[in-house]
Engineer: 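My questions will all concern the structure given below.
As the structure is a prediction and not an experimental result, all values here were calculated from the model. Just so we're on the same page: letters track the sequence lines, and every chain starts at 1.
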Amino acid sequence: MEHEVCIPVSSEIDIVTARQKGRQMAAPLGFSNTELTLIATAISEVVRNIVEYARSGELCLDIVREGDRRGIVVTAQDRGPGIPNIKLAMQDGYSTGKSLGLGLPGAKRLMDEFEIESEVGRGTKITMKKWVQKNAR
Amino acid sequence: MLVPILKQGDYLIASIQSELSDADLLKLRDDLVRRVSEFRSRGVIVDVTVLDVMDSFATRTLRAMAHMIMLRGAETVIVGIQPEVAFSMVQLGLKLEGVETALDLEEGLALLDNRIKKGDKKLGT
Ligand SMILES: Nc1ncnc2c1ncn2[C@@H]1O[C@H](COP(=O)(O)OP(=O)(O)OP(=O)(O)O)[C@@H](O)[C@H]1O
Ligand SMILES: [Mg+2]
């Protein structure tokens, strides 16, 4: 890991900061404009979930290298209530907040890799990655 | 960040100038709904050209706003959704159901003229 940035999340203002930071960090890696938008949008969704369901947490950004490919890793972590049924939460349209229920499944579609760990009463950690497409560079 | 709202005849035009926080977006919704009543406007255009992210919250808020405005007898057109933003909305699974969209301000105005000035078509179709 050659870089690490963490942004504390405690209010909706931090959502904008987090996605701008993500775009800023991902841009020099060679992502297309569309990919940068996808990354920023995925960040927006997971950070909003922290604000909405856990109240506070943290968003961290890392640049990764694996062989000759490069990418960005987004980690969203909180010590909120956790998610009782991850499978359900990952379904399109499932929401306990009377919302669209698209944040988690949508973020998974926007990124290349998506992992979620959650424990009731302890919190939630989401790790997602996006790789720079070689042929696009 | 305040979004200026311009009154132009029967229409209101809101041009978003920079990235908006959730609170800014809610304020825009409330301001527009209030002014539609105040001015008895018949059409509203929201220009989102500068937005480089439209996530589930933004989409939900704009949709709700359009529905509130519809209940006041006016129509809403969202203009200027960037191609990357449109792509990302589709991936997320977001739909602007029941909300008209147009490429830019000019097309948005033409669309409103068409729907409101001529014929007075049924709303929400
Ligand atoms: N960080 C979190 N802590 C606790 N619960 C969470 C967290 N993130 C998501 N959830 C739970 O998972 C559900 C699904 O989340 P998702 O983001 O997909 O939908 P939503 O937030 O309800 O709606 P949308 O994101 O479309 O506005 C939420 O309703 C909530 O119950
Ligand atoms: Mg959500």
Engineer: Ignoring hydrogens and geometry beyond distance, is a side-chain donor-acceptor pair present between Arg60(B) and Ser99(A) at under 3.5 Å?
Structural biologist: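 Checked: Arg60(B)/Ser99(A) side chains pair up, N/O donor to acceptor below 3.5 Å.
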Engineer: So which residue, Pro105(A), Ala42(A), Ala40(A), Ser44(A), ends up with the most heavy-atom pairs under 4.5 Å with chain B?
Structural biologist: Ser44(A)
Engineer: Relative to chain B, which segment of Arg109(A) carries a heavy atom at a distance below 4.5 Å: side chain, backbone, both, or neither?
Structural biologist: both
Engineer: Checking Gln91(B) against chain A: side chain, backbone, both or neither under 4.5 Å from a heavy atom?
Structural biologist: both
Engineer: Should Met128(A) and Val5(A) be regarded as members of a common hydrophobic cluster, given that ILVMFWY residues are connected when their side-chain heavy atoms come within less than 4.5 Å of each other, either directly or indirectly?
Structural biologist: yes
Engineer: Give, as side chain, backbone, both or neither, the part of Ala107(A) having an atom under 4.5 angstrom from any heavy atom of chain B.
Structural biologist: backbone
Engineer: Do Asp24(B) and Ser21(B) get their side chains close enough for a donor-acceptor pair, meaning under 3.5 Å?
Structural biologist: yes
Engineer: If you measure only the distance, is there a donor-acceptor pair under 3.5 Å linking the side chains of Ser88(B) and Thr37(A)?
Structural biologist: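 There is no such pair (donor and acceptor under 3.5 Å, judged by atom type) between the side chains of Ser88(B) and Thr37(A).
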Engineer: Measure Ile15(A) against the heavy atoms of chain B and call it side chain, backbone, both or neither at under 4.5 Å.
Structural biologist: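 Contact with chain B: side chain only.
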Engineer: Starting from the C-alpha separation in whole Å, work towards a yes-or-no answer on side chain to side chain donor-acceptor pair (under 3.5 Å) for Ser10(A) and Ser56(A).
Structural biologist: CA-CA 4 Å; Ser10(A) 61; Ser56(A) 69; over 6 Å; no
Engineer: With a 4.5 angstrom heavy-atom cut-off, could you sort out which part of Leu20(B) is near chain A: side chain, backbone, both or neither?
Structural biologist: backbone
